[in-house]
Amino acid sequence: MSAHSITTFIKHHFRHFNAAALVDASEAYKKHVEGGGQMLIALAGAMSTAELGLSLAEMIRRGKVHAISCTGANLEEDVFNLVAHDHYVRIPHYRDLTPKDEEALLERHLNRVTDTCIPEEEAMRRIERAVAELWMAADKVGERQLPHEYLYHVLLSGRLKSLYEIDPKDSWMMAAAEKNLPMFVPGWEDSTLGNMYAAHCLRGDIKNTGTVRTGVEYMMALAEWYRRTAPQTPVGFFQIGGGIAGDFSICVVPMLEQDLKMEGVPRWAYFCQISDSTTSYGSYSGAVPNEKITWGKLAAETPKYIVESDASIVAPLVFAYVLGW
């Protein structure tokens, strides 16, 4: 390893506090996958718009990620970035924007995510047109697919190739589609494409609202994947952010054991969460990992880590460490 590598820098400088927790979590992640374990990543927040694909795509290609649970926003926003990157507008001084400034952005059809504006036409409408064709075609013949399967089909078909504005190797969704990576997208309805799908149903373009399969079916698919995988190899859980992307998927273990009444369900074999949410009354995102023991999600002996920092900084560093960059 080069004396100037990212990993060497981290090992030398990250010695205490959250920095040390990052090193511990990264070392344990490496040990887990290099020992034959698998890893599910839960992806919340706006990490796709933060361009996490620059490192996550390589993690997928190198076999360091074996399944993803993500929000509908992360699912689509990686693809938005793929076809519209050069049309995004960055606003470094977003804290200084007035309400009138925000209205001006709306009039330009620029939807702001912190310091980055996503262009409606070049990003959202381009993908809507491509995916809506598949929705309507499936609806006519009575076929049903999960949200990510429609996007996998669009990406693998090459129909967007002429629109690419980044190298597709930096798209984590492209890497996932090429591997047919197991994907679970709870609450997909709460996304731009989910809203667009509802509009197509309301207009009558799509007759069967179930043409896009539901979140309950995602839980069933996750349960089948976990039942098939966990008895054969330990499965870890790497959570970026909080909310539904993490809680939905981590709950598959107690669901199988407590609700389906299965015996011998393995607990998650590794757990790490990156979050800047503080522990408070009733906060899931800020809950310490040990709380999950009481819900049957983790075991007392499960290696547990929490890095209380900004995921847009921490996640790429962890991935660089695991990849040996």
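In terms of modelled atom types and a separation under 3.5 Å, the side chain of Glu128 and the main chain of Met196 share no donor-acceptor contact. In this structure, Glu76 contributes its side chain and Leu193 its backbone to a donor-acceptor pair below 3.5 Å. Formation of a donor-acceptor pair under 3.5 Å by the Thr294 side chain with backbone atoms of Glu291 is found in this model. A donor-acceptor pair under 3.5 Å is absent between the side-chain atoms of Asp24 and the main chain of Tyr305, judged by distance alone. A donor-acceptor pair is defined here as one N or O able to donate and one able to accept, closer than 3.5 Å; no such pair exists between the side chain of Asp170 and the backbone of Gly53. With hydrogens and angles disregarded, no donor-acceptor distance shorter than 3.5 Å links the side chain of Tyr164 to the backbone of Leu82. Between the side chain of Thr229 and the backbone N or O of Tyr226, no donor-acceptor pair lies under 3.5 Å. Remark: side-chain polar atoms of Arg213 are not paired, donor with acceptor, to backbone N or O of Pro147 under 3.5 angstrom. The backbone N or O of Thr114 sits less than 3.5 Å from a side-chain atom of Arg112, completing a donor-acceptor pair. Checking side-chain atoms of Arg15 against main-chain N and O of His12 turns up a donor-acceptor pair under 3.5 Å.
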Passes salt bridge (charged side-chain N to carboxylate O under 4.0 Å, His left out), Glu133 versus Arg159? Steps please. CA-CA 12 Å; Glu133 284 185 22; Arg159 64 192 300 164; 2.5 Å; yes

Evaluate the salt bridge (charged side-chain N to carboxylate O under 4.0 Å, His left out) criterion for residues Lys30 and Glu27: first the C-alpha distance (whole Å), next the side-chain angles of each, then the deciding distance (0.1 Å), finally the verdict. CA-CA 5 Å; Lys30 279 187 67 175; Glu27 281 284 358; 5.4 Å; no

Let's go through Tyr321 and Phe9 carefully: what are the C-alpha distance in whole Å and the side-chain angles of both, what is the deciding distance for side chain to side chain contact (heavy atoms under 4.5 Å, CB included) to 0.1 Å, and is it a yes or a no? CA-CA 10 Å; Tyr321 196 106; Phe9 178 89; over 6 Å; no

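Using a 3.5 Å distance cut-off with no hydrogens or angles, the side chains of Gln38 and Thr233 do not pair a donor with an acceptor. Side-chain contact annotation: His85 with Glu165, donor-acceptor N/O pair under 3.5 Å absent. Asp78 and Ser48 form no side-chain donor-acceptor contact under 3.5 Å, judged by distance and modelled atom types alone. When only modelled atom types and interatomic distance are considered, Trp325 and Ser5 share no side-chain donor-acceptor pair under 3.5 Å. With hydrogens and angles left out, the side-chain atoms of Asn195 and Thr192 include no donor and acceptor closer than 3.5 Å.
Hydrophobic clustering, with ILVMFWY side chains joined whenever heavy atoms are under 4.5 angstrom apart, groups Met255 together with Val235. Under the 4.5 Å side-chain heavy-atom criterion for Ile, Leu, Val, Met, Phe, Trp and Tyr, Met174 and Leu323 are members of the same hydrophobic cluster.
Using a cutoff of 4.0 Å between basic side-chain nitrogens and carboxylate oxygens, Lys169 and Glu58 are not scored as salt-bridged. Salt-bridge formation is not detected for the pair Asp139/Lys207: no Lys NZ or Arg NE/NH1/NH2 atom is positioned less than 4.0 Å from an Asp or Glu carboxylate oxygen. The pair Arg125-Glu121 fails the salt-bridge criterion, with no side-chain N (NZ, NE, NH1 or NH2) lying under 4.0 Å from an Asp/Glu carboxylate O.
Counting heavy atoms from C-beta on, the side chains of Trp225 and Met183 never come closer than 4.5 Å. Counting heavy atoms from C-beta on, the side chains of Leu222 and Leu40 come closer than 4.5 Å. In this structure, the side chains of Lys304 and Ile293 come closer than 4.5 Å at one or more pairs of heavy atoms. The side-chain heavy atoms of Ser171 and Asn81, taken from C-beta on, include no pair separated by under 4.5 Å.
Within a 6.0 Å sphere centred on CZ of Arg95, other residues, nucleotides and ligands contribute 12 heavy atoms or fewer. Heavy-atom neighbours of Lys179 NZ from other residues, nucleotides or ligands within 6.0 Å: above the threshold of 12. Atom CE of Met220 is surrounded by 12 or fewer heavy atoms from other residues, nucleotides or ligands within 6.0 Å. Other residues, nucleotides and ligands contribute only 12 or fewer heavy atoms inside 6.0 Å of the CG atom of Asp190. Within 6.0 Å of atom NE2 in His93, 12 or fewer heavy atoms from other residues, nucleotides or ligands are found, so the atom counts as exposed in its surroundings.
Ring centers of His32 and Phe237: at least 6.0 Å apart, outside the cut-off.
For Arg203, the side chain to side chain donor-acceptor pair (under 3.5 Å) test picks out His200, Asp205, with sequence neighbours left out. Residues that satisfy the side chain to side chain contact (heavy atoms under 4.5 Å, CB included) test with Arg108, not counting sequence neighbours, are Val89, Leu105, Leu110.
Screening Lys292, Glu257, Glu301 against Arg267 for a side chain to side chain contact (heavy atoms under 4.5 Å, CB included) leaves a single residue, Glu257.
Classification of the Tyr150-Trp135 ring pair by plane angle, with boundaries at 30° and 60°, yields perpendicular.
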